[in-house]
Amino acid sequence: MQTSYEQIVHKIDSDELWDFPGGIYPPERKEISNLQPIATLPIPEKLYVTVKQHKGVEGNLIVEVGQQVLKGQALSKSANPFAVPIHAPTSGKISAIRKHVSPHPSGIPELSIEIETDGQDTWTELSPTLDYQNQPKIDLLTKICDAGISGMGGAGFPSHIKLSTSKKVEFLIINGVECEPYITSDDRLMREHAWQIRQGIDVLTHMVQPQQVFIAIEKNKPEAIEALQIACRENPLYQVVEIPTKYPSGGEKQLIQILTNREVPAQGLPIDVGVISHNVGTCFAVADAIFSGKPLIQRVTTVTGEAVSKPANYWTLIGTPIKHILNECGYQASSQKQARAIIGGPMMGFTVTDELVPIIKTSNCVLVPADSEMAELNEQACIRCGACADVCPAGLLPQQLFWHAKAKELDKAQEYNLFDCIECGACAYVCPSEIPLVHYYRVAKADIRNELDEKQQADKARERFEKRAARLKAEQAARDEKHRLAAEARKQAMESKGNNAKDKIAAALARAKAKKQGLAAADSNLDTKSEINSQKTPPIESNDEPTQKHEIVDAATEKPSASSNQRVQAAIARAKAKKAAVATKSNQTPEITTEQEKSSSGSLNIENQDENIVESKPIVHEATKVSDVPRTVVQQDTKKPEQESVSPSHEENSDNQISQNIAEQKQAKVAAAVAKAKAKREAQKKAKASEIQITKPLAKEKSLANEKTLAQVEQLAEDPNNQQESSSKQNIEHSAIEDPLVTKKRRIAVAVAKAKAKRQAEKTVENSAPKENKEDKS
Amino acid sequence: MSLSLAILTALLALGILAIIFGSILGFAAIKFKVESDPLVDQIDEILPQTQCGQCGYPGCKPYAEAIANGDEINKCPPGGEATIKKLADLMGVEAKSLDAAHGQEDVKKVAYIREDECIGCTKCIQACPVDAILGAAKQMHTVIKDECTGCDLCVEPCPVDCIDMVPVENNTASWRWKLDAIPIKQVN
Amino acid sequence: MNFKLASSPHQHANRDLGQVMKLVILCLVPGILMQTWFFGWGTIIQVILAVITATVTEAAILELRKRDFERALKDYSAIVTAILLAISIPPFAPWWVIVIGTFFAIAIVKQLYGGLGFNIFNPAMAAYVMLLVSFPVQMTQWLPPVNLAQYTHDFWDALSVIFTSYSVEGFSIAQLKTDIDGVTMATPLDTVKTSLIQGFTYSEGLEHKIFDSVVTGVGVASSWVSLAYLAGGLFLIKQKVINWHIPVSMLAGLFVCALFMSLVDSDVYPSSIFHLLNGSIIIGAFFIATDPVSASTTNKGRLIFGAAIGVWVYIIRTWGGYPDAIAFAVVIMNMAVPLIDYYTRPRTYGHQAPNALKSKGKQP
């Protein structure tokens, strides 16, 4: 049974608290860094702002390389609620947007924005909100989200998500416990900025309307407790609570247990037990965001450890590389045999992989320990002493988890609630066998997650495979049925010889054409000429020759073109094309028109294709993002054929123009492909020939062949260019659009030729390699 | 007379017993029937579903059927040792090492179409066992990265060789905490 | 800069395995000294013999298993096992008894199961059981306390008896066993058991000389030794090397059983105090049953484990064929540990009940 609100308030009022099981008492070592006031680090020359600094998804970048940005200017934006924007920490120029070593234990590069600072530190225009009480909640939430605030204590959960709850909040817990050894950033912040923290708490209180606010501070920070007590004196809702010094009392779940005796259900959130908790740093940032409109661009970071000569707390810009911090704080390389820096505390922090690892919103500490400070461990066998279970705050059996994790018995490990481990490190801290227990759990967790992903993927693949198999089977059956019907119809036609010859001829013509097109669609590179012809002509013909209409009945039903009025028809088609383009489904429209006609090779199922497209939208998007030119091409591409196929191109509209260009471009492509295929064939021939030939002449011949094919390609690529140029004369207005197309065509041709040449070169090397050896020997 | 009667009685008694027990067994078989996955489905569940055909069968399901009918369990390179071990557990046979004739275990890859070079021939689309390639005749094709199983089957049919198999990039979310395997490199 | 990488936590408590084991050994010292004081130099000699055998065996087997034996020896676990076995057997048992026992404990019970941390049974107690079953005569040759013995014996006597079966003066072990009055001595438990079998009542049995006081029924020597071990054990609890659960529940289990039965019939069933202070119950409770490897690892499990040992000790002492029963009780309960552990899993934070007790549905 959950402890009731009254019980909790009563107990806290009488200066009592609950406790959580386990916990440890490591040496605190906070005095190294908490004696000096918070200083400010000079602005580094270059900042590396990681795009995703929180739990959730990354936003879309809204800046470009080379752009000048001002301090506090937003760099990303997204409509996704789980995306938190990032901001320029100072003014300067964006020198690069690329993957940069990430502030993650793996150091795997992640997308980052590199800013060359200009030292001016010019603020962008800020829009403070002074009367927050009169603002609707949604505006405040937007403001907090736009300020880029995510939890500053550890995990970096977006703050506005926590605050946007619609459930009843009994307790708002402000977490100033800071239980991990060495770290003092929250301590100093509370001592020096208690007033602003209180302002932040005011805002949060206004937003979630809790019944009671607890400000939890560990007993070992008497100055901070006093400061906040003074700051919060006037509000009876606020209560500063002293928490006994024990690690990990600052863990969100543990703190909730200490204060309320309630437990956050597994896979649940604190709000499920009527609690919301925020870090003091977050409160400070919220106050900044609301009252001065400043986004979260800097934070207090503790720099400590015996290997720095100036340990203290510093205001650090987000994106500051560790290297800069080490330089400024007097890193003493001599006290470390091998460089070691930890982001976060000694219990839960991670070692940095590179000196350019940047500070992010959650980096509360940079710990640079001397070798003597943190000893090397050597792992021994587990003696099942259970010391780990005694200190586990989550009530787990670490020794069992370790046993199963090490043996890769992942399902057993899950049965022992592996995923309830908060990775606080208490178990590994006390382990007499010095086993890095948490590391084993992390590996096991990652393995389980990956296995789950793989399983899901396999299931999806299986489903798709089975659906495809079923579809192929159905298609085959449909084709057989069609053949049978056609055969029957023919038989009937033979029997009733009353048909006129004209119809027959027309039908035969149409059939032949359909067949040709079908073949062309299947193997475009085998029959280039007919390909180009069929691509260009049949849709137009289909309108011009009414006799064919009955052959493409299906197409007609797709596009209600039965009426003779061509204009209406064109309008409908245009509308349709637009619609289709919007849905990015239009990729298959040409396929629809031809699908019915080609009876020989069934290649695609339209319905399934539909499905694919819907699913793959983001990917298509991604693909088109690669370069702008192809995107426009694709869009026009998809619009074009339908338009052409229905409306005769009498009008001089731009669509038509472009479509022609594209057709030509295609020609070029096909030509390139043909050239390539030829080259391939040739190369293969040569390869065979080379088996009996000696290397030198072969190589010569190869290079000759290369030149030949290159020339061929160029010739072919030029040809359509000429055509296009002539056509572009007709419409000067659109020459601007054409230019990139022309260049693109050229590029493609050159690329193909290059690829081919490369391939050939590779082959030559392959073929010649053994022979060269032979020559060497001889 | 009495002897034949005794024999008759015995036979009768045995016969009745047989009928009774038989009907009980029959009833129990229907009543307490355990609905379990057929073996083929269980095997199919373990296989990685790349549908690559490296095992010599046209997909994972056919291979699962073949295993159920007594084929070797070590013909699946994409699944590797882990799959073999699971299959061995399921089938109650000894785990063998991967049959090299069917390929080597490799890192996971996905197909990537160099779109500038694609001529839109749809051959790869037809080859793809899981419909993970998107495109239409004479339109640029692209691979749906999340659906691609890395089976390699689209590479061969491509007339212009514009399909590459690229290893799946490691990211921080799928990282397996291999601290000792982080490449040390200088970033400038 | 080439950074050193490690997984958190980076800080570590300064107590490793070797220190834990050394602490255990240290806490055994008062008991051993007391035992030597009352029962002669035999104990020390046995301990030395056992430690040498254990070290050699451990090193040899680790060498055979191609492990780094120097590192393994530094954890002192083999030495703790050896000492526990040495103080459990009669001080004047022949040298080959302890050598065989220690070898069995290290080689068979510990290393054959995979070395430290993998053994199912408490090595010292499994070896003790093996010795008791195989060499019943040698394993029950307890000498009377020095103050009650007819013949005094010094260090060289002890050495001589252990290696040659005869003391320097040529007394056999049987002669040494006789007390001042020329009667062969036995342990208090043995004495009471024998007298009960012979039809005497419990209080009549207590009139034997080995007990200093008829009222409490506690032998002077064994109670002093027990108190010395108790002091060491309490220190271990204070140092958080062991938890209080096993010793307390084990003593409580025995105490409750004895109390109940003595209330039923105090003539036949000895009192609780008698049970608690005689025999090796204290050393068993604090040093043997608490062996982490083979004991239960959850607090609830430890309580069950300890209490069950206490009950077993009482059952075997009272109705079984052996006078004392720590070894048997511990080995029996070692077998039950996996079961106990499985059903006594603590409730995980945020869960309603431990998973084991729920249906075996997997967590999503």
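The chains referred to below are lettered A, B, ... by the order of the sequence lines, with proteins before strands, and numbering in each begins at 1. Computed from heavy atoms alone, side chains included, the values below leave out hydrogens, waters and symmetry copies.
- The OG1 atom of Thr348(C) lies 5.0 Å from the CG atom of Leu396(A); values are rounded to the nearest 0.5 Å.
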Tabulate below the donor-acceptor pairs under 3.5 Å that side-chain atoms of residues 428-438 of chain A make, not counting sequence neighbours, or state none.
residue, atom, partner, partner atom, Å
Ser433(A), OG, Ala381(A), O, 2.6
Glu434(A), OE1, Asn378(A), N, 3.1

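- Taking CG from Asn417(A) and CZ from Arg345(C), the interatomic distance works out to 6.5 Å, rounded to the nearest 0.5 Å.
- Taken to the nearest 0.5 Å, the CZ atom of Arg340(A) stands 4.5 Å off from the NZ atom of Lys4(C).
- Residue Ile383(A) touches chain C through both its backbone and its side chain, counting heavy-atom pairs closer than 4.5 Å.
- Contacts with chain A (heavy atom to heavy atom, under 4.5 Å) involve these residues of residues 328-341 of chain C, listed by number: Val337(C), Asp341(C).
- Within residues 6-22 of chain C, the residues having any heavy atom less than 4.5 Å from a heavy atom of chain A are, in residue-number order, Ala6(C), Ser7(C), Ser8(C), Pro9(C), His10(C), Gln11(C), His12(C), Ala13(C), Arg15(C), Asp16(C), Leu17(C), Val20(C), Met21(C).
- No more than 12 heavy atoms of other residues, nucleotides or ligands sit less than 6.0 Å from atom NZ of Lys240(C).
- Considering every non-hydrogen atom in both His351(C) and Ala266(A), the closest pair reads NE2-CB, 3.4 Å.
- Contacts of Arg262(A) with chain C are made by backbone atoms alone, with heavy-atom separations under 4.5 Å and no side-chain atom involved.
- In the displayed structure, Phe350(A) atom CZ is contacted under 6.0 Å by more than 12 heavy atoms of other residues, nucleotides or ligands.
- Across Asn243(C), Asn119(C), Asp75(C), Thr290(C), the residue that shares the most heavy-atom pairs under 4.5 angstrom with chain A is Asn243(C).
- Contact of Tyr182(A) with chain C is made through the side chain alone, with heavy-atom distances under 4.5 Å.
- In this structure, chain C has no heavy atom under 4.5 Å from any part of Ala333(A).
- Across Val273(A), Val352(A), Ile422(A), the residue that shares the most heavy-atom pairs under 4.5 angstrom with chain C is Val352(A).
- Across Leu377(A), Ile24(A), Val264(A), the residue that shares the most heavy-atom pairs under 4.5 angstrom with chain C is Val264(A).
- With rounding to the nearest 0.5 angstrom, the CZ atom of Phe3(C) is 9.5 Å from the OG1 atom of Thr351(A).
- Distance check: Tyr416(A) OH to Tyr342(C) OH gives 6.5 Å after rounding to the nearest 0.5 Å.
- Contact annotation for Glu180(A): neither backbone nor side-chain heavy atoms come within less than 4.5 Å of a heavy atom of chain C.
- Within the 4.5 angstrom heavy-atom criterion, atoms from both the backbone and the side chain of Cys385(A) approach chain C.
- Summarising the local packing, OH of Tyr113(C) is surrounded by 12 or fewer heavy atoms from other residues, nucleotides or ligands at distances under 6.0 Å.
- Both the backbone and the side chain of Gln380(A) come within less than 4.5 Å of a heavy atom in chain C.
- A salt bridge links Asp390(A) to Arg302(C): at least one charged side-chain nitrogen sits closer than 4.0 Å to a carboxylate oxygen.
- For Lys253(A), the parts lying under 4.5 angstrom from a heavy atom of chain C are both the backbone and the side chain.
- Residues of residues 362-371 of chain A lying within less than 4.5 angstrom of chain C, judged on heavy atoms, are Asp371(A) in numerical order.
- Your options are Gly386(A), Gly395(A), Pro346(A), Cys382(A), and the one with the most heavy-atom pairs under 4.5 Å with chain C is Pro346(A).
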